[in-house]
Amino acid sequence: MVSWLISRLVVLIFGTLYPAYFSYKAVKSKDIKEYVKWMMYWIIFALFMTVETFTDLFLCWFPFYYELKIAFVAWLLSPYTKGSSLLYRKFVHPTLSSKEKEIDECLLQAKDRSYDALVHFGKRGLNVAASAAVTAAAKGQGALSERLRSFSMQDLSSIRGDAPPQSAAPVRTTSKTAKPKLSRSVTQPPEPSATAKSP
């Protein structure tokens, strides 16, 4: 477990971050020699990471496996051994140069197929989504109207049950003192005042 952790840290720091910074410096200074050196390193490192994915699954039980990975990354980076340049010039460049046309054709075919597959599945996905939306809208409209109808019927029944019964004409209750005033104002004209003079 400790070997795995140390190996991951070494690969992260010395295999990725350190070369990334010096690649930045090479691009900034526009030094072609340094630029080519770091491009060769990144190609080899990409292949190493690809292979490492599978070897970690099947060879992690091998004694000193993680220590060998640390030594390999140090060998790739070392200015004395120039491991990445050596591997690139001896193995990677000749192999890629001889197979370049076949690789380009495969990549072009894969690109075309993936585009066609994306368009095909995109159309199918849109058709499925549209039919699902129409079905949901059709079912939802009936369910929504039923739901609203049940709510309105429930509200009406609760209003009828809770409110006191009301008659058509309101009943007025008045006191005895209010009744003569009401009847006098409606039926009799007001009495003339004592100060008013008649003609």
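For this chain, numbers begin at 1 and follow the sequence in order.
- Put simply, CZ on Phe54 and CG on Leu57 are 8.0 Å apart, with the number rounded to the nearest 0.5 Å.
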Review item, side-chain donor-acceptor pairs of residues 113-126, under 3.5 Å, at least two apart:
residue: Ser114; atom: OG; partner: Ala110; partner atom: O; Å: 3.0
residue: Ser114; atom: OG; partner: Lys111; partner atom: O; Å: 2.8

Side chains of residues 11-23: which donor-acceptor partners sit under 3.5 Å, not counting sequence neighbours?
residue: Thr16; atom: OG1; partner: Val11; partner atom: O; Å: 3.3
residue: Ser23; atom: OG; partner: Pro19; partner atom: O; Å: 2.7
residue: Ser23; atom: OG; partner: Trp42; partner atom: NE1; Å: 2.7

Check the pair Met49, Phe45 against side chain to side chain contact (heavy atoms under 4.5 Å, CB included), reporting the backbone distance first and the verdict last.
CA-CA 6 Å; Met49 293 299 289; Phe45 189 74; 3.6 Å; yes
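- With values rounded to the nearest 0.5 angstrom, Glu102 atom CD is found 10.0 Å from Glu100 atom CD.
- Rounded to the nearest 0.5 Å, atoms CG (Leu9) and CG (Leu5) are 5.0 Å apart.
- With hydrophobic clusters built from ILVMFWY side chains whose heavy atoms lie under 4.5 angstrom apart, Met40 shares a cluster with Ile32.
- No single ILVMFWY cluster, assembled from side-chain heavy atoms under 4.5 Å apart, contains both Met39 and Ile44.
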Taking only distance into account, with no hydrogens and no angle test, what donor-acceptor pairs under 3.5 Å do side-chain atoms of residues 68-95 form with protein atoms, sequence neighbours excluded?
residue: Lys69; atom: NZ; partner: Glu52; partner atom: OE2; Å: 2.5
residue: Lys69; atom: NZ; partner: Asp56; partner atom: OD1; Å: 3.0
residue: Lys69; atom: NZ; partner: Asp56; partner atom: OD2; Å: 3.4
residue: Ser78; atom: OG; partner: Tyr80; partner atom: N; Å: 3.2
residue: Ser78; atom: OG; partner: Thr81; partner atom: N; Å: 3.4
residue: Thr81; atom: OG1; partner: Trp75; partner atom: O; Å: 2.8
residue: Tyr88; atom: OH; partner: His93; partner atom: ND1; Å: 3.4
residue: Thr95; atom: OG1; partner: Phe91; partner atom: O; Å: 2.7

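- With contacts defined as side-chain heavy-atom distances shorter than 4.5 Å, the pair Tyr24/Lys28 qualifies.
- To the nearest 0.5 Å, atoms NZ (Lys25) and CH2 (Trp38) are separated by 12.5 Å.
- Between Thr55 and Tyr65 the shortest side-chain heavy-atom distance falls below 4.5 Å.
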